[in-house]
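The structure appears right after this line, and notes come after that.
A, B, ... follow the sequence lines: proteins, then strands. Residue 1 opens every chain. For the numbers below, each heavy atom of this structure counts, side chains included, while hydrogens, waters and symmetry mates do not.
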Number of protein chains: 2
Amino acid sequence: MPYLLLKDLPRYECLLEAAKEFPDLDPSAAEAFLHLLHTGDEVFGVTDQNLGEHDISQGRFGVLMLLWRGAQPRETRLLCAEECLPGPRTPAELAEAAGVTRATMTGLVDTLERDGFVKRQPDPEDRRQMSVRLTARGEKFLQAFLPGHFKAIAALMSPLSEAERKTLVRLLGKIQERAAVLHHRAKGAALAPTG
Amino acid sequence: MPYLLLKDLPRYECLLEAAKEFPDLDPSAAEAFLHLLHTGDEVFGVTDQNLGEHDISQGRFGVLMLLWRGAQPRETRLLCAEECLPGPRTPAELAEAAGVTRATMTGLVDTLERDGFVKRQPDPEDRRQMSVRLTARGEKFLQAFLPGHFKAIAALMSPLSEAERKTLVRLLGKIQERAAVLHHRAKGAALAPTG
DNA sequence: GGCAGACAGTTAGCCTCCTAACGACAATTG
DNA sequence: CAATTGTCGTTAGGAGGCTAACTGTCTGCC
């Protein structure tokens, strides 16, 4: 579990009290913020436990899913961004798709290859590049693992009705959009603080 | 940013397609699940950026907040679990409150002490224990940092109305509850698989 | 009083992430 | 064609998580 998060979230009344001293503190915003991080962490923890029982980490699972995408016939691909292009193949593409650095991807592919889930092959056309492919063992692992994973996700979301799930996704979407703007602006500001 | 998460979430139609092959895959559950993790990560990233600009990590910030709690007069404490007891003082208490192991807390306090935000003192009454206290510098940092932090949180949640925030917290609460049960059950099952 | 067990904090070793820098290669451009 | 510039994968070193094991201290029981 990656975040350091408080086990007990502060009560709303405490936030109200604190807002008296800090006018910038918006109690309902802080409450939603803390619940969002906390719930994300809990949910993450449940799936992590699942993965851990199969001796695989979140990062490695992500890479396997990305590779699997291209290995499957078009109709059954889980991850089909854009026009269902063949999945990423090189470490750089995988890193971009997974949202980690190339250096991190090197480490992930290292351990996946060590465990036999994945194989590196030099690219004959561009000798800088490598081609990463799922092995039969890697594919077998996914076929065996995914049903349980999907069951766990379904169980996590079972307290929510279909309508509530749609609502949740809609509300989260608003925050996502806003977060992307803030993230982007902060980056831009770092490069051009006067603009 | 701690999770390895896909930059582009799979589209809902793709989940529907995949559900044909995997009957355990509940498309709306998976959609909500992915959005939850993704949004949590984005939000985390924004605050992390904020913290990073002040050369402090999420983990260290959490420890400072826990220590600050006790250093403040009762009325203005942000984190007042139970009856607003004095905040945690020993590494073990801090670890418990933050949800990390004692070993991890040793490392966090190490770096915080190195940077002058915190001070370790031996407890004269129980020579096994240490007492961790915020220094003047640590307190000053929080006073300077918190307003911006609160502003960022308010900005993140600004697209949501008060009613939507309440709804979000309610829905997240349901998932949290469920996740806690699943987490607990999985742990118990590991200890007593037949019971 | 003395000893077994429990508890506090630390240490050691591992994993996953990061940034920065490198060597090898490709692409561009004079 | 040669030099610059950019890209690819890797390496090195740092931070923050974890578990397991250790040391020192307290507690409880005989």
Practice problem: Start with the C-alpha gap between A/Arg60 and A/Asp55, add the side-chain angles, then the distance that decides, and say whether salt bridge (Lys or Arg N to Asp or Glu O under 4.0 Å) holds. | Solution: CA-CA 10 Å; A/Arg60 282 156 58 176; A/Asp55 284 318; over 6 Å; no
Exercise. Report, as a single string ordered 5' to 3', how protein heavy atoms within less than 4.0 Å touch nucleotides 3-11 of chain D: B base, S sugar-phosphate only, - not at all.
Key: ---BBBBBB
Quiz item: Sub-3.5 Å donor-acceptor pair from the side chain of A/Glu113 to the main-chain atoms of A/Val109, do we have one?
Solution: no
Self-check item: Interatomic distance, B/Phe44 CZ vs C/dC17 P [rounded to whole Å]
Solution: 13 Å
Quiz item: Just by modelled atom types, is the A/Leu108 backbone N or O under 3.5 Å from a matching donor or acceptor in the A/Thr111 side chain?
Solution: yes
Quiz item: Taking the inter-plane angle between the rings of A/Phe141 and A/Phe117 on a 0 to 90° scale, is it parallel (under 30°), tilted (30 to 60°) or perpendicular (over 60°)?
Solution: tilted
Quiz item: Which atoms form the tightest heavy-atom contact between B/Ala154 and A/Asp24, and what is the distance?
Solution: CB-O, 4.4 Å
Practice problem: Round to a whole Å and report the spacing from CD of B/Glu125 to C1' of D/dT25. | Solution: 14 Å
Quiz item: Rounded to whole angstrom units, what separation is found between the CZ atom of A/Arg60 and the C1' atom of C/dC14?
Solution: 12 Å
Quiz item: Could you state the CD1-C1' distance from B/Ile56 to D/dG16, rounded to the nearest angstrom?
Solution: 13 Å
Quiz item: Can you find a side chain N or O atom of B/Arg127 that sits less than 4.0 Å from OP1 or OP2 on D/dC26?
Solution: yes
Exercise. Tell me, with the steps shown, if B/Arg178 and A/Glu42 meet salt bridge (Lys or Arg N to Asp or Glu O under 4.0 Å).
Key: CA-CA 9 Å; B/Arg178 186 83 188 138; A/Glu42 286 277 344; over 6 Å; no
Quiz prompt | A/Thr101 vs C/dC18: side-chain N/O to OP1/OP2 distance below 4.0 Å | solution = yes
Practice problem: Under the side chain to side chain donor-acceptor pair (under 3.5 Å) rule, collect the residues that match up with B/Ser28, sequence neighbours excluded. | Solution: A/Glu162, A/Arg165, B/Asp26
Practice problem: Provide, to the nearest angstrom, the distance between the CG atom belonging to B/Asp41 and the P atom belonging to C/dC17. | Solution: 11 Å
Self-check item: Whichever of A/Pro124 and A/Ser57 has its nearest DNA chain C nucleotide further upstream toward 5'
Solution: A/Ser57
Quiz prompt | Protein-nucleotide distance (B/Gln58, atom CD; D/dG16, atom P), rounded to Å | solution = 12 Å
Practice problem: May I ask you to verify if any side-chain N or O of B/Arg114 is less than 4.0 angstrom from the OP1 or OP2 atom of D/dA15? | Solution: yes
Quiz item: To the nearest angstrom, how far is B/Leu51 atom CG from C/dC18 atom C1'?
Solution: 16 Å
Quiz item: What integer distance in Å separates A/Asp123:CG from C/dA26:P?
Solution: 10 Å
